[in-house]
Amino acid sequence: MDLLARRERSRCELERGLRERFPDAAPEIVQDVLAGLAAENLQSDRRFAAEYLRARMERGFGWLQIRASLLARGIDEELIEELARSDEEWLERARKLAGSRLKRKPRLAPRSREHRRLFLFLTRRGFSSEIAHRALHEFFEPD
């Protein structure tokens, strides 16, 4: 309960935490405890994944980074795909993030150093290269 009191955790994270705290516990006991917590709705991978997705989106991370993190935390790929957002939503988030980084210089020259820097920033944050290109396109200087 102490592990779940601070924040939501995936079943995999909770299992790791229990094995660290109780290394001598039989694997069957750990599985029974996990099943009991899930049955009482105290632990839910769906709830954890939805909250994790929301929090990471608010912090400016893209789908690729969030998806990889969820997979690393033991969340089932089918559940992750159920929670996926539309490309348009990710595009809008990438535009907003790029705009916040361009406060001083609202327009970019295509292939400029600043354009490359922002493109790399967006892709490192987990946005696909297509979304990053589309997001930055509106900040280009007119020809």
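Only this structure's heavy atoms are used, side chains among them; waters, hydrogens and symmetry mates stay out. Predicted, not measured: the structure shown is a model, and the values here were computed from it.
- The shortest side-chain heavy-atom distance between Arg73 and Arg16 does not fall under the 4.5 Å cut-off.
- The environment of CD in Glu58 is crowded: more than 12 heavy-atom neighbours from other residues, nucleotides or ligands sit within 6.0 Å.
- In this structure, the separation between CZ on Arg134 and OG on Ser129 is 11.5 Å, given to the nearest 0.5 Å.
- Here the shortest heavy-atom pairing between Ala25 and Val30 reads CB-CG2, 4.2 Å.
- Salt bridge Arg7/Glu51: absent, no basic N to carboxylate O contact under 4.0 Å.
- With a 4.5 Å cut-off on side-chain heavy atoms, Arg46 and Glu82 count as touching.
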From CA spacing to verdict: side chain to side chain donor-acceptor pair (under 3.5 Å), Gln43, Asp45:
CA-CA 7 Å; Gln43 188 281 322; Asp45 276 354; 3.0 Å; yes
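- Closest of all the heavy-atom pairs between Ser69 and Tyr52 is CB-OH, 3.2 Å.
- Inter-residue side-chain proximity for Leu14 and Leu37 is flagged as met; some heavy-atom pair is nearer than 4.5 Å.
- Closest of all the heavy-atom pairs between Leu122 and Ala94 is CD2-O, 4.0 Å.
- The minimum heavy-atom distance between Ala135 and Leu91, with the atom names listed, is N-CD1, 3.5 Å.
- Side chain of Ser44 to backbone of Asn41: no donor-acceptor contact under 3.5 angstrom is found.
- Distance alone, capped at 3.5 Å, places no donor-acceptor pair between the Arg59 side chain and the Arg54 backbone.
- From Glu130, atom CD reaches atom OG1 of Thr123 across 13.5 Å, with rounding to the nearest 0.5 Å.
- Side-chain N or O atoms of Arg85 include one that pairs as donor or acceptor with a backbone N or O of Leu83 at under 3.5 Å.
- Taking 4.5 Å as the limit, every side-chain heavy atom of Arg125 sits out of range of all side-chain heavy atoms of Gln65.
- Separation of atoms CZ (Arg56) and CG (Leu70) is listed at 9.5 Å; rounding is to 0.5 Å.
- The distance from atom CG of Leu18 to atom CZ of Arg11, rounded to the nearest 0.5 Å, is 10.0 Å.
- By the 30° and 60° cut-offs, the orientation of the rings of Trp90 relative to Trp63 is tilted.
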Decide side-chain contact (heavy atoms from CB on, under 4.5 Å) for Ile80 and Leu71; before the verdict, give the C-alpha distance in whole Å, the side-chain angles of both, and the deciding distance to 0.1 Å.
CA-CA 8 Å; Ile80 293 171; Leu71 286 170; 3.6 Å; yes
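- Annotation: the span from Arg9 atom CZ to Leu42 atom CG amounts to 14.0 Å, rounded to 0.5 Å.
- Rounded to the nearest 0.5 angstrom, Leu34 CG and Glu15 CD are separated by 5.5 Å.
- Nearest heavy-atom pair across Asp87 and Ile131 is O-CD1, 3.7 Å.
- Contact check for Ile75 versus Phe48: side-chain heavy atoms found under the 4.5 Å cut-off.
- The backbone N or O of Ser10 sits less than 3.5 Å from a side-chain atom of Glu13, completing a donor-acceptor pair.
- Of all non-hydrogen atoms in Gly60 and Phe127, the two that sit nearest each other are O-CE1, 3.7 Å.
- Both tests pass for Arg101 against the ring of Phe121: distance under 6.0 Å to the centre and angle within 45° of the axis.
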